[in-house]
Structure formats: C-alpha cells, structure tokens
Number of protein chains: 2
Amino acid sequence: MQAPSLAKVTRVDASAEAVAADLGVLMKHMFRTTNREIFSAVEEAGITFTQVKCLGILDELPSPIAIGALSETLGLSVPAISRAVDGLVQRGEVKRTEDPRDRRSKLLTLTAKGRRTFERFAALRFAGLKRFVADMSDEEREALAAGLRPLAGRLSP
Amino acid sequence: MQAPSLAKVTRVDASAEAVAADLGVLMKHMFRTTNREIFSAVEEAGITFTQVKCLGILDELPSPIAIGALSETLGLSVPAISRAVDGLVQRGEVKRTEDPRDRRSKLLTLTAKGRRTFERFAALRFAGLKRFVADMSDEEREALAAGLRPLAGRLSP
DNA sequence: TATTGTTATACTCTATAACTATA
DNA sequence: TATAGTTATAGAGTATAACAATA
C-alpha cells in the first residue's frame with residue numbers, strides 16, 4: 001500500500017471515549033458475525049466451552065500447569081476444572097500426571113490430539129475473523145490494518 | 001491531532017489474513033481485561049446473562065417483539081426464553097402483553113426500569129473498554145482511532 | 001389442524017461440602 | 001494440621017416433550 005493521500009488523513013477524535021465507543025461497535029459486529037458457527041462446532045464436537053478454554057490455556061503455556069492454577073486462571077471452581085479435565089483425559093486430549101515433587105498435585109499437558117483439537121477451533125475462529133475482514137471495503141481494511149498494527153505488535157509475543 | 005509525519009505512515013500488510021490476526025490479538029486482550037468485572041456484576045444483580053441479552057435486544061429494537069422472535073434472535077429454545085422473560089416480567093424489567101391481532105402471541109417491551117438496568121450494564125462494559133483504551137500509548141490510541149473510524153462510522157447507526 | 005407460548009421432565013455444568021491422599 | 005484434588009450433593013439453566021389456548 002502507498003502512503004495515504006492527505007485527503008484520507010483527516011483529524012479523528014482520539015479521546016478514550018470516542019475510541020472506546022468505536023471499539024464497542026466493532027466488537028458487537030464481530031461477535032454477531034463470527035460466534036454462532038464456533039458455538040455449534042463446539043457443541044457438535046461433544047466438548048464443553050470450558051474444556052476448550054482449558055485446551056487453550058495449556059496450548060499457550062510453556063510448561064505444565066496444575067488443576068488449582070488452571071482453576072484460578074479460568075475463574076472456575078477446582079471441582080469444575082477437575083471434572084472438565086477428567087473428561088479431556090478420557091478423550092485423550094490431555095495428559096495428567098502426578099507432580100514428582102508433590103504427589104498431591106497433578107500436572108497437565110496437551111497431547112498431540114489435544115493440540116490438534118484446539119488448533120481446529122482456533123482455525124475456525126480465525127476463519128470467522130477473516131470473513132469479517134474480507135467483508136470490509138479496501139479503504140476500511142487498509143485503515144484498520146494501519147490502526148491495529150502498533151497495538152497488536154506490542155500485545156502479541 | 002496533526003497529520004502524521006511520514007515516518008509513521010509506513011506500509012502495513014492489509015491482507016485479510018494479517019488484519020484478522022491482529023484483530024484476534026486485540027479481541028483476546030480486550031476480553032481478558034474487560035470481562036471479569038461484568039461477569040460478577042451480572043451475577044451480583046441476580047440476573048442471567050441470557051436475561052441481560054434479552055434486555056439488550058429489546059433496548060435496540062424500535063418495536064415490540066414476540067417470544068418466538070426473541071428465541072430465534074438469541075439462538076435459544078422458546079421455553080428457555082419464556083422462562084427468562086417470565087423472570088424479567090416478575091422483576092418489572094419487561095412488560096408482556098397479548099398481541100391484539102393474534103392473542104397466542106405475546107409482545108414484549110422494556111419498562112423504564114428494564115431500560116435503566118440494561119444501561120447500567122452497557123455503561124459497565126463501556127467503562128471497561130475505556131480503561132483498555134486509556135492503557136494504550138498516545139500513538140497506539142491515535143492510530144487505532146483513525147483505523148476504526150471509517151468502519152465504525154458505517155456500522156453504527 | 002397448525003401455531004404460539006407455557007409447563008413437565010431430564011440432562012449438563014457449576015458450586016459448596018465432605019472426603020482421600022499426600023505434605 | 002494444612003493442602004491438592006476428587007467425589008457427593010444440590011442448584012441453575014437449557015432442551016425436548018407434552019400441553020393449553022388461539023388461529
């Protein structure tokens with residue numbers, strides 16, 4: 001893309017209020033256009049949203065995590081996580097082993113199957129976002145690309 | 001804000017893939033920083049997420065809506081909506097009256113109390129977005145403002 | 001006879017409480 | 001005695017099925 005013509009670089013209200021309002025509009029539309037499909041895919045896979053979130057946490061963490069820590073991360077009770085994880089172990093998505101340094105604690109890691117499962121859902125979510133982006137005009141998409149880059153560059157590892 | 005210096009207007013990948021990826025990063029962070037508070041506020045108010053969504057639909061529609069239509073809009077079963085609405089009626093948030101042209105159908109409208117309730121949650125969500133935006137650097141926020149404006153301008157009424 | 005909404009029933013997920021095993 | 005996790009039990013929300021009222 002070329003540097004934009006000056007005609008496009010009009011002043012924009014960059015107050016927190018204005019930006020938050022526009023962000024709210026964007027979020028609402030993004031949800032409506034991308035969410036329903038994932039919802040039905042998760043349900044069809046016979047898995048729980050909580051279980052998908054468990055997979056997501058395990059996917060992004062570099063080292064194993066225990067039930068209690070996972071519970072705290074997701075803001076759900078320990079028994080709820082224990083049950084969710086138990087289901088994942090039975091499905092072969094997660095490996096649960098005793099921590100050798102404290103045998104009360106169980107360390108959780110993704111199996112290859114679990115990683116594939118999570119990546120399938122992540123791909124579905126990404127496809128929804130892509131469709132949303134592809135529906136924009138070229139001008140909208142280019143402006144958004146330039147506006148997101150500094151922030152996304154900092155936030156993503 | 002002045003027109004940006006040329007140094008800032010570097011080329012950015014505006015492909016659907018790149019923009020969708022950055023949008024995904026933004027969304028994830030937005031959730032993590034803004035959602036937990038609303039979650040606890042809803043629970044503390046003794047109301048259901050489904051009921052809040054019902055209030056939101058009624059708030060934005062110009063005319064009354066029936067149970068069946070609300071059910072379809074939210075993607076939940078008619079009995080689930082019937083129960084959710086019943087709770088809202090008992091709390092005085094929603095008015096439910098027979099449609100005079102088809103007395104099987106019940107028309108739903110927000111009461112003043114219902115509108116206030118929804119606006120309280122909307123304000124909470126907005127405050128979360130504002131905090132998220134206020135945490136950015138000036139450069140990030142200004143770039144985002146310019147990038148969101150065309151899209152948000154089109155999407156919002 | 002078909003349709004709109006409500007009530008009945010069963011199921012899933014979650015939280016609190018009770019429990020087991022390690023520390 | 002305290003802590004990590006599991007199992008027991010109860011509660012909330014949803015879906016399917018059965019029903020009542022109206023078309």
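Chain letters run A, B, ... following the sequence lines, proteins first and then strands; every chain starts at 1. Nothing here was measured: the structure is a model prediction, and the numbers come from that model.
Comparing A:Ile47 and A:Asp102 by the nucleotide of DNA chain C that holds the closest heavy atom to each, the one mapping nearer the 5' end is A:Ile47. Between B:Arg104 and B:Pro79, the residue anchored nearer the 5' end of DNA chain C, judged by the nucleotide with its closest heavy atom, is B:Arg104.
One interatomic measurement links the two molecules: CZ of B:Arg83 to P of C:dG5, which rounds to 15 Å at whole-angstrom precision. Summarising the geometry, the separation between CG on B:Asp86 and C1' on C:dT7 is reported as 11 Å, rounded to the nearest angstrom. Note: CD (B:Glu98) to C1' (C:dT3) measures 15 Å, nearest angstrom. What separates CD of B:Glu72 from C1' of C:dT3 is a distance of 14 Å, to the nearest Å. Atom CG in B:Leu70 sits about 11 Å away from atom P in C:dT6, given to the nearest Å. A:Ile67 places its CD1 atom 18 Å from the P atom of C:dA21, with the value rounded to the nearest Å. When the C1' atom of C:dG5 is taken as reference, atom CG of B:Leu108 falls 11 Å away, rounded to whole Å. Atom P of nucleotide C:dA15 and atom CG of A:Leu74 are separated by 11 Å, given to the nearest angstrom.
Between B:Asp86 and B:Arg96, the closest side-chain pair of non-hydrogen atoms falls below 4.5 Å. Residues B:Leu108 and B:Leu88 form no side-chain contact, since every pair of their non-hydrogen atoms from C-beta on lies 4.5 Å or further apart. Taking 4.5 Å as the limit, some side-chain heavy atom of A:Glu37 sits within range of a side-chain heavy atom of A:Leu124.
At C:dC13, one or more side-chain N or O atoms of A:Thr48 fall inside 4.0 Å of OP1 or OP2 (strictly under the cut-off).
A donor-acceptor pair under 3.5 Å is formed between the side chain of A:Thr117 and the backbone N or O of A:Lys113. With A:Lys106 contributing its side chain and A:Ser82 its backbone, the two residues share no donor-acceptor pair below 3.5 Å.
Hydrophobic clustering places A:Leu76 together with A:Phe118 (ILVMFWY residues linked when any side-chain heavy atoms are closer than 4.5 Å, directly or through intermediates). The hydrophobic clustering, which links ILVMFWY residues whose side-chain heavy atoms are closer than 4.5 Å, places B:Leu148 and B:Val25 together.
Checking C:dT7, C:dA15, C:dT4 against every side-chain atom of A:Ser77, the shortest atom distance belongs to C:dA15. Of the candidate nucleotides C:dG5, C:dT16, C:dT22, C:dG5 has the atom lying nearest to any side-chain atom of B:Val78.
The stretch residues 49-66 of chain A touches DNA chain C through A:Thr50, each having a heavy atom under 4.0 angstrom from the strand.
The residue A:Leu76 sits close only to the backbone: its heavy atoms come under 4.0 Å of sugar-phosphate atoms, none of a base.
With sequence neighbours excluded, the residues forming a side chain to side chain contact (heavy atoms under 4.5 Å, CB included) with B:Ser137 are B:Glu139, B:Glu140, listed by chain and number.
Taking every nucleotide of DNA chain D with any atom under 4.0 Å from a non-hydrogen atom of chain B, the first and last of them, 5' to 3', are D:dG13 to D:dA23.
When each of B:Arg141, B:Arg149, B:Arg154 is tested with A:Asp22 by the rule salt bridge (Lys or Arg N to Asp or Glu O under 4.0 Å), just one qualifies, namely B:Arg149.
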